[in-house]
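Just so you know, ligand 1 is whichever comes first in the structure, and atom 1 is the first atom listed for that ligand.
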Amino acid sequence: MPLVIAIDGPAASGKGTLAKRLAHHYGLPHLDTGLLYRAVALLMLDAGVSLDDTDQAARTAGRLVADQLADPRLRERAMGEAASRVSSVPGVRAALLSWQRKFAGGEAGAVLDGRDIGTVICPDARVKLFITASPEERARRRHRELAGRGEETTLAAILADIRARDARDSSRSAAPLKAAEDAVRLDTTELDAEEAFAAARAVVDRAR
Ligand code: C5P
């Protein structure tokens, strides 16, 4: 059975870095599923369509192609917020579901990270990790990351963003952010990237 690793967690929990490193370590393809929602939002903004237009959001999600996931603007802070808005539209989630399942269903196995991978997209994944960290620590990490890319923001603004996104992602009715019952929880507040990677590897190796 191909090895599928599902990684979920809130914004800036470190799940993306972890997913990338695990994919590299186990030789698996990796999909950052947040990029799909970010791309839907970006395509709508570029087309001058309101993010509140749920029909357009679902249609845009249905037309998404892989090339559109490479746009560097997808990583900007404002796009995380915009993605969070379109991601609560059930039609958007439905359109992106088969995309993600196809990616996860390849013979090589896969690593996917997002909010609902263990609960909705890959309920049968061999390994499920739920990554958390305190909002303050996540804000510090995101601040460092954005500063490294030359995007100027204050720590307070990022913390406010993170709290708003946590609230929206956890309270929506369509596939809310929550740990699958069989997920292993990993709190990385006190761990550096190396320690988090080692802890995650130990979980995967136990399940292989
Ligand atoms: O992970 P990232 O910050 O790029 O995700 C952006 C937004 O996309 C999240 O705040 C969330 O609302 C949404 N998302 C989602 N389901 C996923 C991945 C991301 O709803 N699997």
Residue part near ligand 1, for [X], under 4.0 Å between non-hydrogen atoms:
X: Arg85; answer: neither
X: Ser87; answer: side chain
X: Arg168; answer: neither

Does the [X] side chain pair with the main chain of [Y], one donor and one acceptor, at a distance under 3.5 Å?
X: Arg141; Y: Ser13; result: yes
X: Arg149; Y: Glu151; result: no
X: Lys128; Y: Thr119; result: no

For ligand 1, which atoms, with element, lie under 4.0 Å from some heavy atom of Ala83?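 Per the distance check, 6 (C), 7 (C), 8 (O).
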Nearest protein heavy atom to [atom], by residue and atom, and its distance?
atom: atom 12 (O) of ligand 1; value: Asp169 OD1, 2.7 Å
atom: atom 18 (C) of ligand 1; value: Thr33 OG1, 3.4 Å
atom: atom 8 (O) of ligand 1; value: Tyr37 CB, 3.6 Å

Any N or O of Asp116 closer than 3.5 Å to N or O of ligand 1: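 Asp116 vs ligand 1: N/O contact under 3.5 Å present.
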What about Asp113: any of its N or O atoms under 3.5 Å from an N or O on ligand 1?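 No, since none of the N or O atoms of Asp113 sits under 3.5 Å from an N or O of ligand 1.
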Selection from Arg77, Met79, Arg93, Arg38 by shortest heavy-atom distance to atom 20 (O) of ligand 1: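 Result: the heavy atom closest to atom 20 (O) of ligand 1 is in Arg93.
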Have a look at Arg115, Arg165, Lys15 and point out the one with the heavy atom closest to atom 15 (C) of ligand 1.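 Heavy atom nearest to atom 15 (C) of ligand 1 belongs to Arg115.
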By the definition side-chain contact (heavy atoms from CB on, under 4.5 Å), identify the one residue from Asp113, Ile5, Leu22 that meets it with His30.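 Going through Asp113, Ile5, Leu22 one by one, the side-chain contact (heavy atoms from CB on, under 4.5 Å) with His30 is satisfied by Asp113 alone.
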Are Arg21 and Glu194 close enough for a salt bridge, meaning some N to O gap below 4.0 Å?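 Result for this pair is yes, salt bridge flagged.
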Test log, rule salt bridge (Lys or Arg N to Asp or Glu O under 4.0 Å), inputs Arg73 and Asp46: CA-CA 11 Å; Arg73 291 178 298 163; Asp46 277 353; 3.0 Å; yes
Looking at Arg168, Arg165, Arg38, which one forms a side-chain hydrogen bond (donor to acceptor under 3.5 Å, both in side chains) with Glu81?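 Of the listed options, the one satisfying the test is Arg168.
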Counting C-beta onward and ignoring hydrogens, is there a side-chain heavy-atom pair between Leu191 and Thr189 closer than 4.5 Å?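 SC-SC contact between Leu191 and Thr189 ruled out.
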